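Below: the structure, in structure tokens.
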Number of protein chains: 2
Amino acid sequence: MNGDDPEAVREDVIESMERSAEVYGLSRSAGRVYGVLYFSTGPLSIPELVEETGYAKSTISNVTRKLTRIGLVQRRSSSGGGRRVRFAPETDLWFVVQDVFQQYLAREMTSAQRSLDRALDRLESEDNQEGTADRDRIEDLQETYGDLQRLLELATEHSTTELIEAIEQYDG
Amino acid sequence: MNGDDPEAVREDVIESMERSAEVYGLSRSAGRVYGVLYFSTGPLSIPELVEETGYAKSTISNVTRKLTRIGLVQRRSSSGGGRRVRFAPETDLWFVVQDVFQQYLAREMTSAQRSLDRALDRLESEDNQEGTADRDRIEDLQETYGDLQRLLELATEHSTTELIEAIEQYDG
DNA sequence: ATGTTTGTTCGGAATGAACCGAACAAAGTG
DNA sequence: CACTTTGTTCGGTTCATTCCGAACAAACAT
């Protein structure tokens, strides 16, 4: 028995998750909530998360909603038992990333593309120097965005291993 | 000549860029500065950007530094001419994304992996139930992270068109 | 030198995010 | 029907970010 205390080890990993969360634009508390859920035996209710994390009930309520929206945790509405709402971690992180791609990035990109389309329409019959220069730039941008959009679309349609395999095969 | 005023059209596209910037975690001003540079004939100095954007000199100074760090604009230190520093937009957006992948995501991932490695070491000789359960979870996480890391690595080594082609070929 | 132009840095105001505690609504339990 | 347990919402505090203007430092021009 020369191993460390499991609880302390868990705590360290969860702290690492807190730091990761910040990098990905989430709050520290979101990282901790996910971490606690990740190591939990079963889904946890809000009071249980309060107990485990030390955060206020209201914070847990808000954070779990945000994490649910992103797809990092699932709401298991246990219709039966005493406690009502319970949260479980989504462990397939690539699935979460795909969701974010579709929900946020894809939305942003189509919105941007719409702007560019409209702009090109309005420049259609501008044949002075200024107009054509702008048109070229906008068309360039549109092409770049199109490529990124296509790539994102393909990425959301495959698993990580499929993507890795595809590229490795491509490389020969 | 039924086209719109080019300046108004440019303004609309730049406003779209401002919105995009916010989605990607940048400030509104960053989006505008990039947009102005994107449509400019040549690189612009800080006073010129002040003139074009309406932002204060200090804001432009800070924003250009941030954009340069990310790789969205380049510092063209024109050693010769009157004005000293000039900024040009990086138009290869995929290149910028790759840079962010390497600078921020890859760093975050290796850091997280280190935490997981250390945690596994410390749990090595825990053979009670709690310890083994934690170990399994951490190993799962490590594998997921490894895949994501590998995928990121491959993505930074190829252009968008290469990646698209690779996946499309893979799909048959 | 003296003055002007360019860029960075500093302090402060305004805005937004994270978190807390308290008040509240809803739904079970006695 | 009280009473408790659970979850959401609201107001307030603290802290970080964004932006401004002013002070400053460095380079250039006269």
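Fair warning: this is a prediction, and the values are worked out from it, not measured in the lab. Numbers restart at 1 for each chain; the letters A, B, ... are given by sequence-line order, proteins then strands.
- Within a 6.0 Å radius of OH in Y24(A), more than 12 heavy atoms belonging to other residues, nucleotides or ligands are found.
- What separates CZ of R28(A) from C1' of dA16(D) is a distance of 14 Å, to the nearest Å.
- Per the geometry, CD belonging to E22(A) stands 16 Å off P belonging to dA17(C), to the nearest Å.
- At a threshold of 4.0 angstrom between heavy atoms, the contacts of S27(A) are confined to the sugar-phosphate backbone, with no base atom among them.
- Here dT18(D) presents its P atom at 14 Å from CD of E18(B), a figure rounded to the nearest Å.
- Summarising the geometry, the separation between CD on E48(B) and C1' on dG7(C) is reported as 14 Å, rounded to the nearest angstrom.
- Rounded to a whole Å, the CG atom of N62(B) is 9 Å from the C1' atom of dC19(D).
- R84(B) places its CZ atom 6 Å from the C1' atom of dG7(C), with the value rounded to the nearest Å.
- Side-chain proximity of I46(B) to the nucleotides dT8(C), dA26(C), dT18(D) is greatest for dT8(C).
- Summary of the strand contacts: V63(A) and T64(B) both lie near DNA chain C, and taking for each the nucleotide with the nearest heavy atom, the more 5' one is attributed to T64(B).
- Contact annotation: S45(A) side-chain N/O to dT6(D) OP1/OP2 distance is not under 4.0 Å.
- Judged by distance alone with a 3.5 Å cut-off, a donor-acceptor contact links the side chain of S58(B) to the base of dG21(D).
- The existence of a salt bridge linking R32(B) and E11(B) is confirmed by a sub-4.0 Å separation between a basic side-chain nitrogen and an acidic carboxylate oxygen.
- For R65(B) and dT9(C), the shortest distance from a side-chain N or O to OP1 or OP2 is below 4.0 Å.
- With dG21(D), dG21(C), dT6(C) as the choices, the nucleotide that has an atom nearest any side-chain atom of A56(A) turns out to be dG21(C).
- Just one residue in the list E165(A), E162(A), H158(A), E168(A) forms a side-chain hydrogen bond (donor to acceptor under 3.5 Å, both in side chains) with Y170(B), and that residue is E165(A).
- For E51(B), the CD atom is loosely surrounded, since the number of other residues' heavy atoms within 6.0 Å does not exceed 12.
- In this model, the phosphate group of dG7(D) is not approached by any side-chain N or O of S61(A) to a distance below 4.0 Å at OP1 or OP2.
- Residue R75(B) places its side chain closer to dG7(C) than to any other of dC20(D), dG7(C), dG7(D).
- To the nearest angstrom, C1' of dT18(D) lies 14 Å from CG of L67(B).
- A salt bridge links R150(B) with E153(B): at least one charged nitrogen is closer than 4.0 Å to a carboxylate oxygen.
- When the C1' atom of dT17(D) is taken as reference, atom CG of L26(B) falls 13 Å away, rounded to whole Å.
- With hydrogens and angles ignored, no donor-acceptor pair closer than 3.5 Å exists between the side chain of K57(B) and the base of dG21(D).
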